[in-house]
Amino acid sequence: REARGHNALDPVEASQKALRINRLRSIYSHFDANRDGTIDMEEFENLIRTCGKPKSHLEAQRLFQEVDQDDNKEIDFFEFCSAL
């Protein structure tokens, strides 16, 4: 059997990773209601409510700011995944 590089994924791991990314993309797209490729504050509050974690608007804003790493008032897919 051929030795793999230290960071190489075997085919099963690669497949599982691809499935996870596809599931995350699907969830992200579901909450991107206006389909602009980002999640804004209103969409984020809907995401929080749907997850059963009701927060005040102020708490939701604080969480949004934590996830919005580049402070552009939108959460992109990378920021979404990084927050999980």
Side-chain angles (χ1 to χ4, degrees):
R1 194 166 143 157
E2 183 179 317
R4 297 181 191 271
H6 184 60
N7 293 327
L9 294 177
D10 71 40
V12 172
E13 288 175 310
S15 177
Q16 290 172 342
K17 186 174 183 178
L19 286 172
R20 183 166 188 262
I21 290 170
N22 286 340
R23 275 185 254 149
L24 289 173
R25 176 66 70 186
S26 178
I27 293 166
Y28 180 83
S29 295
H30 175 78
F31 289 104
D32 178 18
N34 63 4
R35 303 287 183 245
D36 67 351
T38 61
I39 294 176
D40 61 27
M41 184 63 203
E42 183 179 333
E43 294 164 332
F44 184 74
E45 286 182 301
N46 183 43
L47 184 154
I48 291 171
R49 277 192 304 275
T50 300
C51 291
K53 306 235 185 234
K55 303 279 184 194
S56 70
H57 182 71
L58 194 57
E59 289 174 308
Q61 281 183 316
R62 184 184 57 75
L63 286 171
F64 185 89
Q65 290 170 345
E66 287 179 21
V67 176
D68 180 19
Q69 297 171 5
D70 60 8
D71 199 30
N72 68 347
K73 311 296 184 233
E74 299 173 327
I75 297 172
D76 62 31
F77 184 65
F78 176 78
E79 291 168 327
F80 176 78
C81 291
S82 294
L84 300 178

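Because the structure is a prediction, the values reported are computed rather than measured. Numbers here simply count residues along the sequence, with the first being 1.
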Of all heavy-atom pairs linking Thr38 and Tyr28, the shortest is CA-OH, 3.1 Å
Residues passing the side chain to side chain contact (heavy atoms under 4.5 Å, CB included) test with Glu59, sequence neighbours excluded, are Lys55, Ser56
With sequence neighbours left out, the residues meeting side chain to side chain contact (heavy atoms under 4.5 Å, CB included) with Gln61 are Met41, His57, Leu58
Here the salt bridge (Lys or Arg N to Asp or Glu O under 4.0 Å) pairs for residues 22-51, sequence neighbours left out, are none
What one should report as the nearest heavy-atom pair of Ile27 and Phe80 is CG2-CZ, 3.9 Å
If hydrophobic clusters are built by linking Ile, Leu, Val, Met, Phe, Trp and Tyr wherever their side-chain heavy atoms come under 4.5 Å apart, do Phe78 and Val67 end up in the same one?
no
Sorted by chain and number, sequence neighbours left out, salt bridge (charged side-chain N to carboxylate O under 4.0 Å, His left out) with Arg62 holds for Glu66
Residues passing the side chain to side chain contact (heavy atoms under 4.5 Å, CB included) test with Gln65, sequence neighbours excluded, are none
Ring pair (Phe, Tyr, Trp, His ring centres under 6.0 Å) filter on Phe64, not counting sequence neighbours, yields Phe44
Separation between CD1 (Ile39) and CZ (Phe77), nearest 0.5 Å, reads 9.5 Å
The side chain to side chain contact (heavy atoms under 4.5 Å, CB included) partners of Lys17 (sequence neighbours excluded) come to Leu9, Ile21
The salt bridge (charged side-chain N to carboxylate O under 4.0 Å, His left out) partners of Asp71 (sequence neighbours excluded) come to Lys73
Would the distance check show the side chain of Ser26 and the main-chain N or O of Asn22 forming a donor-acceptor pair, the cut-off being under 3.5 Å? no
Scanning both residues in full, the closest heavy-atom pair of Gln69 with Glu79 reads N-OE2, 3.0 Å
Between Leu24 and Leu84 the two heavy atoms that sit nearest each other are CD2-CD1, 3.3 Å
When rounded to the nearest 0.5 Å, the distance separating CG of Asn46 from SG of Cys51 is 9.5 Å
